There are 2 protein chains.
Amino acid sequence: MILKAIVRDYTSSGVPVGSKALAAQLPLHVSSATVRNEMATLEDLGLIAKTHSSSGRIPSVKGYRYYVDHLVQPDPIKPNDIDIIKSSLDGQFLKIDEIIETSARILSNLTSYTAFTLKPELKESRLSGFRLVPLGKRQVMAVLVTDNGDVESQTFNIAPGITGDQLEAVVRLINDQLVGKPLKDVLQALETDIPMQVTQYLQKPEGFLKIFGDVLTQAAKERFYVGGRLNLLNFSDANDVDELKSLYTLMDRTDDMASVLGQPTDHVQVKIGSEITNDILKDYSLITATYEVGDHGKGVIALLGPTRMPYSRMIGLVGAFRQELAQRLIDYYRYFDQ
Amino acid sequence: MILKAIVRDYTSSGVPVGSKALAAQLPLHVSSATVRNEMATLEDLGLIAKTHSSSGRIPSVKGYRYYVDHLVQPDPIKPNDIDIIKSSLDGQFLKIDEIIETSARILSNLTSYTAFTLKPELKESRLSGFRLVPLGKRQVMAVLVTDNGDVESQTFNIAPGITGDQLEAVVRLINDQLVGKPLKDVLQALETDIPMQVTQYLQKPEGFLKIFGDVLTQAAKERFYVGGRLNLLNFSDANDVDELKSLYTLMDRTDDMASVLGQPTDHVQVKIGSEITNDILKDYSLITATYEVGDHGKGVIALLGPTRMPYSRMIGLVGAFRQELAQRLIDYYRYFDQ
DNA sequence: TTTTAGCACTCACGTTATCCAAGTGCTAAG
DNA sequence: CTTAGCACTTGGATAACGTGAGTGCTAAAA
């Protein structure tokens, strides 16, 4: 009960909490001396710590962990919040990416933290088609489609002397050889076999290979959205510019972030401080959750905030949001699939 | 001479400069008392100011202005810098946008400030083609091309019940009625005539209209790139989070930034502090320059830094860069145009 | 055995005092 | 017109001090 009160107090006030204030607030009426004794025990257990020898206590990572695992009860979501979520997700979306991106924004607005969303994915995607669409005299658009329904495109200019026939031959080559293969394999083929084969049709294949590689890596990337980047400025207690910089840099490295999020196993999962694999985030906490979209796979939402975040509220919020989002996406697919 | 020395000193040290240090440094050998007298005059003229009653002097906006207009001589660019520029621009680019984007990055790296680049433009662009490319069962890609060579595309899902014929009819409608018109006019037509006409072919035209509107506004936007956003953290002396936030927000508002940059008339132009139209930037300085790409129009590069930036170096750098970039683009066009 | 009152002790933090270096304006002499 | 001299101002760094919130420990009470 005391640990719970300490966590609640500290996360809401940010000030180390002392025995007296605690005693006054507890449902039990015991004196501050009693509380002090208990606190000493909690400290021995490593659940709380002092900032200096005569300060109040703050929860340690272990303390937060225990709180989250055994004590916290998620706040029921406020009607107001659920309204905001519902109405924000209510728009007319013509592609899932829009919904996912909007989700990151909603979640960050609601919490004043930074939110991440990953598009639902069935499995590792495979190449299902590649095309070159001529647009003008020299302009061509490369379009790549995966079996997950992701589309990636890039326009580029082609060097003079290359004919439409040549391009068609190359496109045929790609489609014949690579359709159906996982993108990873295709990327690898691009390093090995493909260049040689393309030389049959193009004298200088570099341009084409570059563009093909670009759309390919683009498509192979996780569909990853960030909302509320600027909120980092609020709660990054460090005025340390360098730390902020590396944080921002990290958030733009899709791969790193994807590995930080991992594939959460639980519905809602909390990683606290040093539990996060990435060192840069060792003073933050991360709430991750999956959302499942029927047979269209599952995605991830996540929330990054200070270690001393109000967990009960945030866990409740993320829990509610994952359900709303899943529902919204199921509706989306129901409409377009049929 | 004294003003010049004050600006040079202050921009490099950041500390208000006093009469004694100044006297020691000047090519003339006069005493500090003399310098003090002159400084009093400069202050009366409003060219320099004190931070407090017994402090050294710092240049005022007016002082910087005078310095930039009459005293500064741009540093010749360092061989090292020119190498960096040349080699960074030397890559294999298949589209101008890549070059422009890279430029922003180079410029920001070189200066540790924040850089902006605008793609060269001939004039206001006009719609030169619109297409819908079917990709899968329900997926369609909308592609819009302007006469400036800009391509904008979006994929989206179409509601069941819409046939290929219907879409083709709509595409024909768009192309018949709107090709050749300035994008602005097209955007306006989208508010007025078009919706009604589209209803002839689609019962629920909202989806299509949304996507068409999206690619259209996207294409109508200035092609605008920012490099070194994070550098703002270095020199924003304000630890004021809110100010930083509004700065970042501003930089993402393409329209606002475009209006801040204006269409510079001179080759290299300097706007200091409150001279910048936007209030948020009143404590910063902006160096803008145009670069001309033969008959492919002209673009803008810009550098945002603190008011106390080393102008001579920055002006020299931007001047050199605009030429390198122009040359690089001319080469680019020469290769792909022929 | 558990709880409590009492008390000496610790430490961060805000306030105040003090000193110092760097600078200024002004006056009178060169 | 320039300069030496001097009294005066100011921000910033450092130390001294008091205060309040908190602690641990001991001994008495429950």
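So you know, we letter chains A, B, ... as the sequences are listed, proteins then strands, and number each from 1. All values reported here derive from a predicted model rather than from experimental measurement.
Aromatic ring pairs are classed by plane angle as parallel below 30°, tilted from 30° to 60° and perpendicular above 60°; the pair A:Y284 and A:F235 is perpendicular.
Salt-bridge formation is detected for the pair B:D252/B:R229: a Lys NZ or Arg NE/NH1/NH2 atom is positioned less than 4.0 Å from an Asp or Glu carboxylate oxygen. Under a 4.0 Å N-O distance rule, the pair B:R313/B:D81 qualifies as a salt bridge.
Atom CD1 in B:I2 sits roughly 16 Å away from atom C1' in C:dG23 (whole-Å rounding). Taking atom NE2 on A:H52 and atom C1' on C:dC13, their separation rounds to 10 Å, with Å as the unit. Protein atom NE2 of A:H29 is 12 Å distant from nucleotide atom P of C:dA5, rounded to whole Å. Whole-Å rounding puts the A:I58 CD1 to C:dA12 C1' distance at 14 Å. Distance, A:R36 CZ to C:dC9 P: 16 Å, rounded to whole Å. One atom, CG of A:N37, and another, C1' of C:dT4, lie 9 Å apart when rounded to the nearest Å.
Applying the ring-ring contact (aromatic ring centres under 6.0 Å, His included) rule to A:F321 yields no partners; only residues at least two apart in sequence or on another chain are considered. With sequence neighbours excluded, the residues that form a ring-ring contact (aromatic ring centres under 6.0 Å, His included) with B:H70 are B:Y66. The ring-ring contact (aromatic ring centres under 6.0 Å, His included) test applied to A:Y67 returns no partner, not counting sequence neighbours. Listed by chain and residue number, B:R65 satisfy the side-chain hydrogen bond (donor to acceptor under 3.5 Å, both in side chains) test with B:D69 (two or more places apart in sequence, or in another chain).
Comparing B:S31 and B:T51, the nucleotide of DNA chain D nearest to each residue sits closer to the 5' end for B:S31.
OP1 or OP2 of C:dC11 lies within a sub-4.0 Å distance of a side-chain N or O belonging to A:S53. When the side-chain nitrogen and oxygen atoms of A:S54 are compared with OP1 and OP2 of C:dC11, none of them lie within a distance under 4.0 Å. Put simply, A:S55 has no side-chain N or O that comes within less than 4.0 Å of OP1 or OP2 on C:dC11.
Residues B:I315 and B:Q73 have side chains not in contact (no heavy-atom distance under 4.5 Å, counting atoms from C-beta outward). Using a 4.5 Å heavy-atom threshold, the side chains of B:L250 and B:Y248 count as separate.
Here chain B contacts DNA chain D (any atom closer than 4.0 Å to a heavy atom, that is under 4.0 Å), and the contacts span D:dT2 to D:dG11 from 5' to 3'.
Residues from residues 5-24 of chain A that place a heavy atom under 4.0 Å from any atom of DNA chain D, listed by number: A:G18, A:S19.
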